[in-house]
There are 2 protein chains.
Amino acid sequence: MYEPATTEAFAEERLDLGHLKQHLGYFVRRLQITIFKDFIRELAPMRLRPAQYSVLLLIEANPGSSQAAIGRALGIERARLARLLHDLEERLWVERRSDSSDGRSHALFLSREGVKALARSKKLAARHEAYMTELLGGECRTALLQLLRTAGNRLNSPA
Amino acid sequence: MYEPATTEAFAEERLDLGHLKQHLGYFVRRLQITIFKDFIRELAPMRLRPAQYSVLLLIEANPGSSQAAIGRALGIERARLARLLHDLEERLWVERRSDSSDGRSHALFLSREGVKALARSKKLAARHEAYMTELLGGECRTALLQLLRTAGNRLNSPA
DNA sequence: TATTGTTATACTCTATAACTATA
DNA sequence: TATAGTTATAGAGTATAACAATA
C-alpha cells in the first residue's frame, strides 16, 4: 500500500497557507525578500545595500538635492539618511556641499569616484535584474513592474 | 512671470527616480512598506505583528505542525520562530505539545483563547485589506495578487 | 551524522526624541 | 515657529554560531 512512501511524501509536502492566501502583503513581502537577497548577494563586491544604491541613483538623477528631498523621495527617515550618507561620504563617493541659498541644507553630489563606483554597481544590478527576469519570466516581470508602478502612483498621489 | 510661485512649485516637485525606475525591487519594497504599515496600525489593538499573524494562520490551517515545518513554509528562521512562539505561548494563544512520534519536535496548536484572538485579528486584517483595496482599486489589487502568486510559485518551485 | 529546538550575538532597518543652526 | 541636519536609543527582522536532545 506504499504507506511508508506516502508518509514520507506527506512530511515533505507544503503546508496549507490557509487564510494567508488572501493577503496581498504576504506575497509582496516574500517577493521583496527574495529580490533583496539576490540584490545583496550580487552587489556584495561593492558592499552596497539596496538603500545605499537607491540613494546613489537619486543623487545621480538629481545632483544638488538636499538630504531632505532625497529622504522624502525614497521614504528614508532623515536620521537614517544622515548616517547612510556619512558612510558614503567616508568612502569618498558622495560630497556634501553647503547650500548658499539655505544655510541649513546640504547639496549632494557624486564624486568622480562615486560615479565610477555607481557605474560598476549598475552592472552588478543589471545582472541581478537579468537573473530575476530569468526566474520570473520576462512577461511576468514586465507585468509586475507595470502594476507596481501604478500601485505606487495611486498610493502616493493623495499624499 | 510667476517666478516665485514657480520656484516654490519646483521645491515641492517630485525628484526623478532615474535608473531606479527600472528596478522591480524598488517598487516591491515601497508597496510592502505601505501595506505593512497599515497592517501594523490596524492590528495594533491585538499587539500582533505581520509575522506573528502569519504564524497563527498557519497553525490554524495545519494544526499539529512542527516549528520546523511552519518556519520552512513561511521562510522564518527557526531561531526567530522559537522566540516568536515563546511570546505567543506566554499569551496563552499557542500550545506546544511534545510529538509522540518524534521526541525532538513540538506539535503546535491554537488554544481556545488563541482561536478567539485570531478571529478578532482576522476582522481587523479584513479592514486593512478593504482599505488597501480602496487605495489600489479592486482590479489593480486582484491583478497584483494573481501575479504575485504566480511569481511566488515560480521562485519557490525549483527549490 | 543530521535534525529539532533553544540561546546568544551582531547587523540592518525603523521609529523616536533631543539637540543645533538656520529660516 | 518651523525646517535641515545630527546624534542617540530602542525595537523588530535577519543571519550566524553554538549547544542539548533526539533521530
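Sequence lines set the chain letters: A, B, ... in the order given, protein chains first and strands last, and positions in each chain run from 1. Just so it is clear, the structure is predicted and the values come from calculations on it, not from any experiment.
- At a threshold of 4.0 angstrom between heavy atoms, the contacts of B:His86 with the nucleic acid are absent.
- Nearest nucleotide to the B:Arg29 side chain, out of D:dT14, C:dT14, C:dG5: C:dT14.
- Nearest to the side-chain atoms of A:Arg83 among the listed nucleotides D:dA2, C:dA15, C:dG5 stands C:dA15.
- Put simply, CZ on B:Arg104 is 15 Å from C1' on D:dC19, counting in whole angstrom units.
- Nearest nucleotide to the side chain of A:Arg80, out of D:dA4, C:dC13, C:dG5: C:dC13.
- Taking atom CD1 on A:Ile70 and atom C1' on D:dA4, their separation rounds to 14 Å, with Å as the unit.
- The environment of NZ in B:Lys21 is crowded: more than 12 heavy-atom neighbours from other residues, nucleotides or ligands sit within 6.0 Å.
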Donor-acceptor list for residues 77-84 of chain B side chains, cut-off 3.5 Å, not counting sequence neighbours:
none

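- Looking at heavy-atom distances under 4.0 Å, B:Ile33 makes contact with sugar-phosphate atoms alone, never a base.
- Note on B:Gln67: a side-chain N or O is less than 4.0 Å away from OP1 or OP2 of C:dT6.
- Comparing A:Ala51 and B:Ala69, the nucleotide of DNA chain C nearest to each residue sits closer to the 5' end for B:Ala69.
- Taking only side-chain atoms of B:Arg72, from C-beta outward, the nucleotide of D:dA4, C:dG5, C:dT4 with the closest atom is C:dT4.
- One interatomic measurement links the two molecules: CZ of A:Phe36 to C1' of C:dC11, which rounds to 16 Å at whole-angstrom precision.
- Scanning for side-chain contact (heavy atoms from CB on, under 4.5 Å) contacts around B:His106 gives B:Gln67, B:Arg96, with sequence neighbours left out.
- The listed nucleotides are D:dA12, C:dA8, C:dA21; the one nearest the side chain of B:Ala79 is C:dA8.
- The B:Ser66 side chain lies nearest to C:dG5 when the options are D:dT6, C:dG5, D:dG5.
- Where A:Lys37 and A:Asp102 each meet DNA chain D at their nearest nucleotide, the meeting point lying more 5' is that of A:Asp102.
- Exactly one residue among A:Leu43, A:Leu57, A:Asp87, A:Leu85 makes a side-chain contact (heavy atoms from CB on, under 4.5 Å) with A:Gln52. That residue is A:Asp87.
- When the P atom of C:dT7 is taken as reference, atom CG of B:Leu85 falls 12 Å away, rounded to whole Å.
- Side-chain to base pairing of B:Arg78 with C:dG5: one donor and one acceptor N or O lie within less than 3.5 Å of each other.
- If you find the closest nucleotide of DNA chain C to B:Ala68 and to A:Gly103, the one lying nearer the 5' end belongs to B:Ala68.
- Residue A:Leu84 contributes atom CG, which lies 14 Å from atom C1' of D:dG5 at whole-angstrom precision.
- Taking atom CZ on A:Arg49 and atom P on C:dA10, their separation rounds to 18 Å, with Å as the unit.
- For A:Glu77, taking side-chain heavy atoms from C-beta onward, the closest of the listed nucleotides C:dC13, C:dG5, C:dT16 is C:dT16.
- For the pair B:Ile40 CD1 and D:dG13 P, the computed distance is 7 Å after rounding to whole Å.
- D:dA23 atom C1' lies 12 Å from atom CG of B:Asp99, rounded to whole Å.
- The pair A:Glu129-A:Arg141 meets the salt-bridge criterion, with a side-chain N (NZ, NE, NH1 or NH2) lying under 4.0 Å from an Asp/Glu carboxylate O.
- Distance from the side chain of B:Ala82 is smallest to C:dT7 among C:dA2, C:dT12, C:dT7.
- In the model, B:Tyr26 has a side-chain atom that pairs as donor or acceptor with a side-chain atom of B:Arg30 under 3.5 Å.
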